[in-house]
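Below: one structure, written as structure tokens.
Scope of the values below: all heavy atoms of this structure, side chains included, with no hydrogens, waters or symmetry mates. By convention in this document, chain letters (A, B, ...) are assigned in the order of the sequence lines, proteins followed by strands, and residues within each chain are numbered from 1.
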Number of protein chains: 2
Amino acid sequence: MLAVAVEEARAGLAEGGIPIGAALFGPDGEVLGRGHNRRVQDGDPSMHAETAAFRAAGRLRGYGRTTMVTTLSPCWYCSGLVRQFGIGRVVVGEARTFTGGHDWLTANGVAVTVLDDPTCVRLMEDFITARPELWFEDIGE
Amino acid sequence: MLAVAVEEARAGLAEGGIPIGAALFGPDGEVLGRGHNRRVQDGDPSMHAETAAFRAAGRLRGYGRTTMVTTLSPCWYCSGLVRQFGIGRVVVGEARTFTGGHDWLTANGVAVTVLDDPTCVRLMEDFITARPELWFEDIGE
């Protein structure tokens, strides 16, 4: 599942964007939607990786048996998305370069797994070193 | 400021959509972006009123002196948006028909004003009565 999110992150990087990717999976492991951060590509600050994957999945009822897989710990905006729509499970590639609201999600009943994946860490470390201004813009700092 | 958000909510209703509107204002009261819920219109579950207004404002640095005005208490998703991007102030038309995360925002240093505006209450009461399935879909219930 993480491989799909990493593919999305790399696609975003190749487009000159912020390398964060995500995918929403259904109960049988099928991809419902996938996407990556689109701040640069669309000039759209509202399209984080998780929101892009959620949007791509279209209108659904009942997210309890879905899993959001993301290369990076979800920020408060994306954590709020998970909580509001009752997404049952979140898999986080890494939370080393940025820690958002994943502990808050755990406290609110979401099953959260943090993988500490070295590929995900390297993607973000390299990006933050190369484009710090873009990274801090994306998290509102 | 609320009048702009109400105009947006009414525009959404006229399009067959969910009547929630929002606008993001700058420090001098200028409109930076405005929008309304677009679940029905675009088949896009990620476009709540607040995220639509945020998107319409484009890429910005520093939201501390901006004000998000919304006809309805922001859900967790939209509350997370406000917290992540450090939007300094939120004006809520009403929190009677739905209560999202506005108390959580207050606890996290956001200046929140709840107006309990009868026009906003009526818009949502009428809508929830007319289209309950659409309303519950929009809040993931």
For this session: For B/G58 and A/P45, work out which heavy atoms get closest and say how close.
Result: O-CG, 3.3 Å
For this session: Find the one option among B/M47, B/E141, B/R83 whose heavy-atom pairs under 4.5 Å with chain A are most numerous.
Result: B/R83
Exercise. Do A/L115 and A/V92 share a hydrophobic cluster (ILVMFWY, side-chain heavy atoms under 4.5 Å, transitive)?
Worked result: no
Problem set entry | Hydrophobic cluster membership, A/V114 vs A/V4, 4.5 Å side-chain cutoff | no
Problem set entry | Contacting region of A/V82 [heavy-atom separation from chain B under 4.5 Å] | neither
Problem set entry | N/O donor-acceptor pair under 3.5 Å between B/E137 side chain and A/R59 backbone | no
Exercise. Ring pair (Phe, Tyr, Trp, His ring centres under 6.0 Å) between B/W76 and A/W76: does it pass, once the steps are laid out?
Worked result: CA-CA 9 Å; B/W76 286 115; A/W76 286 114; 9.6 Å; no
Problem set entry | Joint cluster assignment, B/V121 & B/F127, ILVMFWY side-chain distance < 4.5 Å | no
Exercise. Between B/G140, B/G80, B/C78, which residue shows the highest count of heavy-atom pairs closer than 4.5 Å to chain A?
Worked result: B/G80
For this session: Could you tell me which portion of A/L60 (side chain, backbone, both or neither) has an atom closer than 4.5 angstrom to a non-hydrogen atom of chain B?
Result: backbone
For this session: Go through B/Y63, B/W104, B/F136 and name the one with the most non-hydrogen pairs under 4.5 angstrom from chain A.
Result: B/W104
For this session: Examine whether an atom of A/T51 lies under 4.5 Å from a heavy atom of chain B, and if so say whether it belongs to the side chain, the backbone or both; otherwise answer neither.
Result: both
Exercise. Is A/M68 reachable from A/L2 through a run of hydrophobic residues whose side-chain heavy atoms are each under 4.5 Å from the next?
Worked result: no
Exercise. Looking at CZ of B/F85 and OH of A/Y77, how far apart are the two atoms once the value is rounded to the nearest 0.5 Å?
Worked result: 7.0 Å
Problem set entry | A/L72-A/L105 co-clustered via ILVMFWY side chain contacts under 4.5 Å | no
Problem set entry | Region of A/D42 that comes under 4.5 Å of a non-hydrogen atom in chain B | neither
Problem set entry | Structural part of A/R61 lying under 4.5 Å from a heavy atom of chain B | side chain
For this session: Check B/H48, B/R55, B/E50 against A/S46 for a side chain to side chain contact (heavy atoms under 4.5 Å, CB included) and give me the one that passes.
Result: B/R55
